Visitor: 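One structure follows; several queries about it will come next.
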Amino acid sequence: MVRFKRKWYVKLMMAVLIMVALVWTLVPIYIVVSNAFRATLDIHQMPPQLIFKPIFIHFQRIFEFDNFGRFFRNSLVISTTTTFLSIMMGSLAAYGVKLCRSSWGRRLSNTLLLGRMVPAITILIPLFIMMNRAGLTGTRAAVILAHTSLTLPFVTWLMTGFIEGIPDELLEAANAEGCSRLMAFFRIVFPLLRPAVASAAILVMQTSWNELIFSLQLTNIRTFPLTVGVARYVGAVSVDWGRSSAAATITMVPIIIFGFLMQKYLISGMTAGAVKG
Amino acid sequence: MKTRNFYWSLEKGDLLSVLLILPTFLIIFFIMILPLSYGFLLSFFDVGFGLSNPTENFIGLDNYRRFLNDSIAQRAILNTLIFSFGAIAGTFFFGTVNAVLLHKLSRRFSAVLRPLLIMPLLISPLIVGLIWRYIYDPQGILYWFLGLFGLGIQHFPGVTASSTALLSTIIAHWWQVTPFIIIVLTAGLLSIPEEYYEAAYVDGAGAFSSFFRITLPLLKNTYMVILLLSGVDTFRVFDIIFSLTGGGPNNSSVSISIYAHSQAFNQANMSYAMALSTIAMFITFVVFGIPFIRHNIKKSKS
């Protein structure tokens, strides 16, 4: 990296810009998380007290009266199942594309990406009617299927790119030693896909965990995920600040922690999607 | 040992690859292609919420004609286009500035900053809208902060007035999506060989001119791809508006997804909503899809 000789005011300006970027990013998150621990009256006090005694009443209420324990379990089941299905199906399909060794396979997986262009609402309304007639609305399966179809095109495309890079010799050697092609997938290909699987895992998990519009219509009170639980506080004219902050905190903290742990893969997955396009 | 052919050959009737691709194909078919076709078909019928037999009342193009006379729907399309444009312009500007800035810092320092800066990306847009609803609250932190400079709600009415509601949602979107642009551009910046900058430096180019002469032209492709991806993503905006303004006041921030959703599930005009969302998909495809495909074809040729 060339380092242009920087004058002191350039350094100062950079420092200021970084501070602004940090404050801009972190303050909104701090506001919602800290509100979750404040008494309702204190939330409206400006300037906000930086040091205060945290209370847990809002959390207690949303778990006791608003079923957030159940919503949390639903979110967990929906997002982990979606992640598993999406990765399994996507990588198997990508392996299928590799095995048939024809250019239409690659083209097929590129065509799948067109699915990204379809607005969720365009699928949702007819899907809602179809699911209703099939008696599936209100089940977690309905949301899992919707989320899987939402993420599968990208996962398949990502895996196709990775599997293409696996040398043919490796597969042929496995074959020569009597490894069937399906066994070769689980013994050789899948372990090599680990970075792609990690990227797909965090991206799919994040998408499913945070998804609202499908979950909103395809679930009922027994199967609501967390996002719908939060949405129930904001639908009204006024917002219950304490409870909605607690609900938002419960919803966002786990996925932020997961994202932190998987940072490297999150970044590589996003750049793969954007840069290779 | 006899070596079987590892790869698929149709002539031998080997169907393994078909079997491997089949589950993905079925999901895409049943949860994407079929609903899309069904929705397109139903947009020519009159479908309410009573779903006993959706294909009962054929009304031809009436739902599309209704769109031409529906000023709120047209407003929604216009709002969505404005949202896309404003969202993209802002995220690109702030994303570029921050990416270049991070790139100039020492590697250790930017390694500390990056995870903090990407936090908004992990938060559900629904919650982003909620957070900003606190911020824009007349008793919230924004007006307290503006008050320090003697400014008040009359200077920037935020989500309470038709004139600024849409802008308020765009700002909340900037907050969430700028980190994505930073991440992608940072990867792009790392791919530019340092020698280019060294050569420019020797030739006496400053930081700004080397940005415009080297960085921008070399990142053209990256910008193109994220432009189209952002376009597609912003054109279907729903969650952030849903929780921040709900489309109001006075439909001033209603997007096409919000409007179609409320037509379908609040007004029970299922088929009209399907016509609206078909129109939305068509616009997405024309404005962003066709350039995307052409870009991909061009790239795979070169």
Side-chain angles (χ1 to χ4, degrees), chain A residues 1-2 4 17 21 25 28-29 31-32 44 46-47 89 92-93 95-96 99-101 115-123 125-127 129-130 132 145-146 148-149 152 156 171-172 175-176 181 206 210 212-213 227 230-231 234 244 248 251-252 255-256 259-260 263 267 270-271 274-275 277, chain B residues 3 6-8 16-17 20-21 23-24 27-28 31-32 35-36 38-39 42 51 54 98 101 115 117 119-120 122-124 126-127 130-131 133-135 139 141 144 183-184 187 194 197-198 201 207 222 225-226 229 232 236 238-239 243 257 260-261 264 270 273-274 277 280-281 284-285 289:
Chain A
M1 179 77 229
V2 181
F4 298 102
L17 274 173
T25 309
I29 297 173
I31 290 176
V32 67
H44 292 277
M46 286 295 149
M89 288 185 189
L92 282 172
Y95 186 55
L99 285 187
C100 72
R101 270 215 295 199
R116 256 199 94 136
M117 255 157 237
V118 181
I121 188 81
T122 318
I123 299 179
I125 304 170
L127 185 66
I129 298 179
M130 287 164 59
N132 229 348
L145 284 173
T148 306
S149 98
L152 201 46
T156 308
L171 298 179
E172 278 152 15
N175 188 38
R181 288 173 303 178
Q206 190 260 116
N210 290 336
L212 172 70
I213 187 165
T227 43
V230 175
V234 288
S244 64
T251 308
M252 69 190 200
I255 196 72
I256 289 181
F260 256 71
Q263 226 187 94
I267 291 177
M270 277 180 175
T271 44
V275 175
Chain B
T3 315
F6 203 76
Y7 296 100
W8 181 45
L16 183 64
S17 7
L20 291 171
I21 299 172
T24 297
I27 289 273
I28 302 288
I31 317 286
M32 194 175 281
L36 282 180
Y38 190 50
L42 288 190
L51 307 166
N98 280 293
L101 201 63
L117 292 181
M119 266 181 6
L122 292 160
I123 301 174
S124 166
L126 169 81
I127 295 177
L130 181 71
I131 295 176
R133 196 152 159 179
Y134 298 153
I135 294 176
Q139 279 141 30
I141 193 161
W144 167 75
I183 288 179
V184 175
E194 276 174 41
Y197 292 104
E198 278 159 20
Y201 184 64
T222 308
V225 174
I226 49 178
L229 289 181
V232 171
R236 59 176 161 211
F238 179 84
D239 311 29
S243 58
S257 289
H261 183 267
M270 297 297 255
M274 284 185 266
S277 59
M281 189 173 75
T284 316
F285 196 70

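What you see below is based on every heavy atom in this structure, not just the backbone, and it leaves out hydrogens, waters and symmetry mates. The model shown is predicted, which means the values in this text are computed figures rather than measured ones. Letters A, B, ... mirror the listed sequences (proteins, then strands); counts begin at 1.
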Visitor: How long is the straight-line distance from CG of B:L16 back to CG of A:L92, given to the nearest 0.5 Å?
Guide: 9.5 Å

Visitor: Please name the pair of heavy atoms, one in B:P35 and one in A:M130, separated by the smallest distance, quoted to 0.1 Å.
Guide: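 Between these two residues, the closest heavy atoms are CA-SD, 3.8 Å.
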
Visitor: Please flag which part of A:I31 lies under 4.5 Å from any non-hydrogen atom of chain B: side chain, backbone, both or neither.
Guide: side chain

Visitor: Could you tell me which portion of B:I123 (side chain, backbone, both or neither) has an atom closer than 4.5 angstrom to a non-hydrogen atom of chain A?
Guide: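 It is both, since atoms from each part get that close.
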
Visitor: Indicate yes or no for a side-chain donor-acceptor contact from B:R236 to the backbone of A:I121 under 3.5 Å, with no hydrogens or angles considered.
Guide: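 Answer holds: no.
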
Visitor: Need one label for A:A248: side chain, backbone, both or neither, based on atoms under 4.5 Å from any heavy atom in chain B.
Guide: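 Both parts, backbone and side chain.
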
Visitor: Calculate, to the nearest 0.5 Å, the distance between atoms CD1 and CD1 belonging to A:I123 and B:I31 respectively.
Guide: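 If I round to the nearest 0.5 Å, the distance is 9.0 Å.
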
Visitor: So do A:R181 and B:L20 actually touch side chain to side chain, heavy atoms under 4.5 Å?
Guide: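 B:L20 vs A:R181: side chains apart.
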
Visitor: Select one option (side chain, backbone, both, neither) describing which atoms of B:Y134 are under 4.5 Å from chain A's heavy atoms.
Guide: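 Contact with chain A: backbone and side chain both.
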
Visitor: Is B:I183 close to chain A through its backbone or its side chain, or both, or neither, when contacts mean heavy atoms under 4.5 Å?
Guide: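 Backbone plus side chain of B:I183, per the 4.5 Å heavy-atom cut-off to chain A.
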
Visitor: Does a side-chain heavy-atom distance below 4.5 Å link A:S244 with B:L130?
Guide: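 Answer yes - side chains close enough.
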
Visitor: Check each atom of B:I127 against the heavy atoms of chain A and say whether the ones under 4.5 Å are side chain, backbone, both or neither.
Guide: side chain

Visitor: Specify which of B:L101, B:T284, B:N98 makes the most heavy-atom pairs with chain A at under 4.5 Å.
Guide: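 Of B:L101, B:T284, B:N98, B:L101 has the most heavy-atom pairs under 4.5 Å with chain A.
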
Visitor: For the atom pair CD (A:Q263) and CG (B:L122), what is the distance rounded to the nearest 0.5 Å?
Guide: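 Separation between the atoms: 9.5 Å.
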
Visitor: Please determine which of A:N210, A:L212, A:T227 meets the side chain to side chain contact (heavy atoms under 4.5 Å, CB included) test together with B:D239.
Guide: A:L212

Visitor: Counting heavy-atom pairs under 4.5 Å with chain A, which one of B:P23, B:A260, B:P115 comes out on top?
Guide: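 Greatest number of close heavy-atom pairs with chain A: B:P115.
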
Visitor: Is the side chain of A:S149 donor-acceptor paired with the backbone N or O of B:I27 at a distance under 3.5 Å, no angle test?
Guide: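 No.
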
Visitor: Which of the residues B:V232, B:L36, B:T24 is involved in the greatest number of heavy-atom pairs with chain A at under 4.5 angstrom?
Guide: B:T24

Visitor: Name the region of B:I135, side chain, backbone, both or neither, that has any atom closer than 4.5 Å to a heavy atom of chain A.
Guide: side chain

Visitor: Between A:A231 and B:L126, which heavy-atom pair has the shortest distance, and what is it?
Guide: N-CD2, 3.9 Å

Visitor: Kindly compute the distance separating OG1 (A:T148) from CE (B:M32), expressed to the nearest 0.5 Å.
Guide: 11.0 Å

Visitor: I'd like to check B:M270 versus A:I125 (side-chain heavy atoms, cut-off strictly below 4.5 Å). Are they in contact?
Guide: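 Yes. Closest side-chain heavy atoms under 4.5 Å.
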
Visitor: What's the shortest heavy-atom distance between B:I21 and A:G96, and which atoms?
Guide: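 Heavy-atom minimum between the residues: CD1-C, 4.0 Å.
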
